[in-house]
Amino acid sequence: MASVASPVTFKEFCPLYYLLNAIPTKVQKGFRSIVVYLTALDTNGDYIAVGSSIGMLYLYCRHLNQMKKYNFEGKCESITFVKLLSCFDDLVAVGTASGRVAVFQLVSSLPGRNKQLRRFDVAGIHKSSITALAWSPNGMKLFSGDDKGKIVYSALDLDQGICNSSLVLEEPSSIVQLDYNQKVLLVSTLQRTLLFYTEEKSVKQVGTQPRK
């Protein structure tokens, strides 16, 4: 006897107007009115992070239904990548079009968690647009890649408020994706995919043919 297939349920997802309405469509800069474009997005169970063309990060807390804003000091430049992480503390990494990378350690109301917003900067190694970010599960390591093929490793000590960064790999084409797990960094570029073993600092290419 043939088994009866379970019924298929269709569900319609509507636009997140409660989120979009909290982000301005234009901002005033002196005498100029500048259109705000949404340029980067990441989500997890607690937050929705949206980067913008004016250098403002909009962070929506799903539990409190609140929108908060974070920005870089100085020049307003487009945010090109955002990456959230929920570990002991909530973290969000942000990359920009000029190669700036910052980490925000968010405030939590839970006992024993972070009570003051802190920011860590990846100092001036990237000189071009950030195209990928990847966290280690514990939030102590952040990898960033740019459109010139540079990959930077940043070691974060959240208790001491320290961020040390160094260039670990340089590819001949733009980085398009990064993922990290168990001391292995998966790297995809416009030309190839590889595994970078962070302890041995060795590279193993995935496949043999170049990506066309």
Side-chain angles (χ1 to χ4, degrees), residues 39-52 55-64 66-73 79-126 129-146 150-169 175-188 194-201:
T39 56
L41 174 71
D42 195 26
T43 66
N44 62 18
D46 300 316
Y47 294 98
I48 301 174
V50 182
S52 70
M56 188 72 71
L57 173 70
Y58 298 94
L59 193 66
Y60 181 80
C61 179
R62 292 173 141 175
H63 301 299
L64 301 177
Q66 289 181 350
M67 178 73 83
K68 293 192 176 181
K69 300 185 295 183
Y70 305 93
N71 66 349
F72 289 85
E73 284 111 5
I79 291 173
T80 55
F81 210 94
V82 294
K83 193 68 175 176
L84 290 161
L85 178 70
S86 287
C87 51
F88 183 74
D89 284 310
D90 291 308
L91 305 168
V92 56
V94 184
T96 74
S98 72
R100 296 177 71 184
V101 178
V103 173
F104 294 94
Q105 184 182 10
L106 305 178
V107 174
S108 174
S109 59
L110 297 176
R113 302 280 289 275
N114 185 49
K115 300 304 178 188
Q116 182 178 356
L117 178 71
R118 291 198 289 176
R119 196 183 96 182
F120 303 83
D121 291 302
V122 175
I125 300 176
H126 292 289
S129 181
I130 302 300
T131 52
L133 294 166
W135 283 106
S136 64
N138 62 6
M140 296 176 68
K141 299 177 181 179
L142 175 69
F143 294 90
S144 51
D146 64 34
K150 287 184 178 180
I151 298 174
V152 172
Y153 160 58
S154 300
L156 286 98
D157 187 329
L158 300 176
D159 294 329
Q160 298 296 322
I162 299 171
C163 176
N164 294 315
S165 304
S166 60
L167 181 68
V168 293
L169 196 62
I175 308 299
V176 296
Q177 189 175 4
L178 296 173
D179 195 19
Y180 177 79
N181 194 29
Q182 298 293 327
K183 300 179 182 178
V184 181
L185 181 69
L186 176 66
V187 180
S188 282
L194 58 95
L195 298 173
F196 177 67
Y197 295 88
T198 56
E199 292 289 304
E200 300 87 354
K201 293 183 170 51

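Note: hydrogens, waters and symmetry copies are ignored here, and every other heavy atom, side chains too, is used.
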Checklist line | Reported CG-to-CE distance for the pair Leu158 and Met140, which is rounded to 0.5 angstrom | finding: 8.0 Å
Checklist line | Closest approach of Trp135 to Leu84 (non-hydrogen atoms, all atoms of both residues) | finding: CD1-O, 3.8 Å
Note to self: Just to verify, what does Asp46 make a salt bridge (charged side-chain N to carboxylate O under 4.0 Å, His left out) with, not counting sequence neighbours?
What the structure shows: none
Notebook entry, point to check: Looking at residues at least two apart in the chain, or sitting in another chain, which of them share a ring-ring contact (aromatic ring centres under 6.0 Å, His included) with Tyr60?
Noted result: Tyr18
Notebook entry, point to check: Donor-acceptor pair, Ser188 side chain versus Val176 backbone, under 3.5 Å?
Noted result: no
Next item on the list: Please name the pair of heavy atoms, one in His63 and one in Gly45, separated by the smallest distance, quoted to 0.1 Å.
Entry: NE2-O, 3.8 Å
Note to self: Let's go through Ile48 and Leu41 carefully: what are the C-alpha distance in whole Å and the side-chain angles of both, what is the deciding distance for side chain to side chain contact (heavy atoms under 4.5 Å, CB included) to 0.1 Å, and is it a yes or a no?
What the structure shows: CA-CA 7 Å; Ile48 301 174; Leu41 174 71; 3.9 Å; yes
Notebook entry, point to check: What pairs with Phe104 under ring-ring contact (aromatic ring centres under 6.0 Å, His included), at least two apart in sequence or on another chain?
Noted result: Tyr70
Notebook entry, point to check: About how many Å separate CG of Asn164 and OG of Ser154, when rounded to the nearest 0.5 Å?
Noted result: 8.5 Å
Next item on the list: Please test Val101 against Leu142 for side chain to side chain contact (heavy atoms under 4.5 Å, CB included), starting from the C-alpha separation and ending with a verdict.
Entry: CA-CA 10 Å; Val101 178; Leu142 175 69; 4.1 Å; yes
Note to self: Any side-chain to backbone donor/acceptor pair from Arg100 onto Asp121? Under 3.5 Å, distance only.
What the structure shows: no
Checklist line | side-chain contact (heavy atoms from CB on, under 4.5 Å) against Asn71, all qualifying residues, sequence neighbours excluded | finding: Met56
Compile the donor-acceptor pairs under 3.5 Å between side chains in residues 179-187 and protein atoms, sequence neighbours left out, one pair per line.
| from | atom 1 | to | atom 2 | distance (Å) |
| --- | --- | --- | --- | --- |
| Tyr180 | OH | Lys141 | NZ | 3.2 |
| Tyr180 | OH | Lys183 | N | 3.3 |

Item checked: Non-hydrogen atoms of Leu178 and Ser144 that approach each other most closely -> CD1-C, 3.8 Å
Item checked: Min side-chain heavy-atom separation Phe196-Ile151 under 4.5 Å -> no
Notebook entry, point to check: Say you draw a straight line from CD1 of Ile79 to OG1 of Thr96; how long is it, rounded to the nearest 0.5 Å?
Noted result: 8.0 Å
Note to self: Please report the interatomic distance CG(Leu85) to CG(Leu133), rounded to the nearest 0.5 Å.
What the structure shows: 12.0 Å
Next item on the list: State the CG-OH distance between Leu106 and Tyr47, to the nearest 0.5 angstrom.
Entry: 5.0 Å
Margin query: So, taking the atom named CD1 in Ile175 and the one named CZ in Phe81, what distance separates them when rounded to the nearest 0.5 Å?
Written below: 12.0 Å
Margin query: Under the rule for side-chain contact (heavy atoms from CB on, under 4.5 Å), what residues qualify as partners of Leu167, not counting sequence neighbours?
Written below: Ile125, Lys150, Val152, Glu170
Next item on the list: Report the C-alpha distance between Cys61 and Leu59 in whole Å, list the side-chain angles of each, state the deciding distance to 0.1 Å, and finish with yes or no for side chain to side chain contact (heavy atoms under 4.5 Å, CB included).
Entry: CA-CA 6 Å; Cys61 179; Leu59 193 66; over 6 Å; no
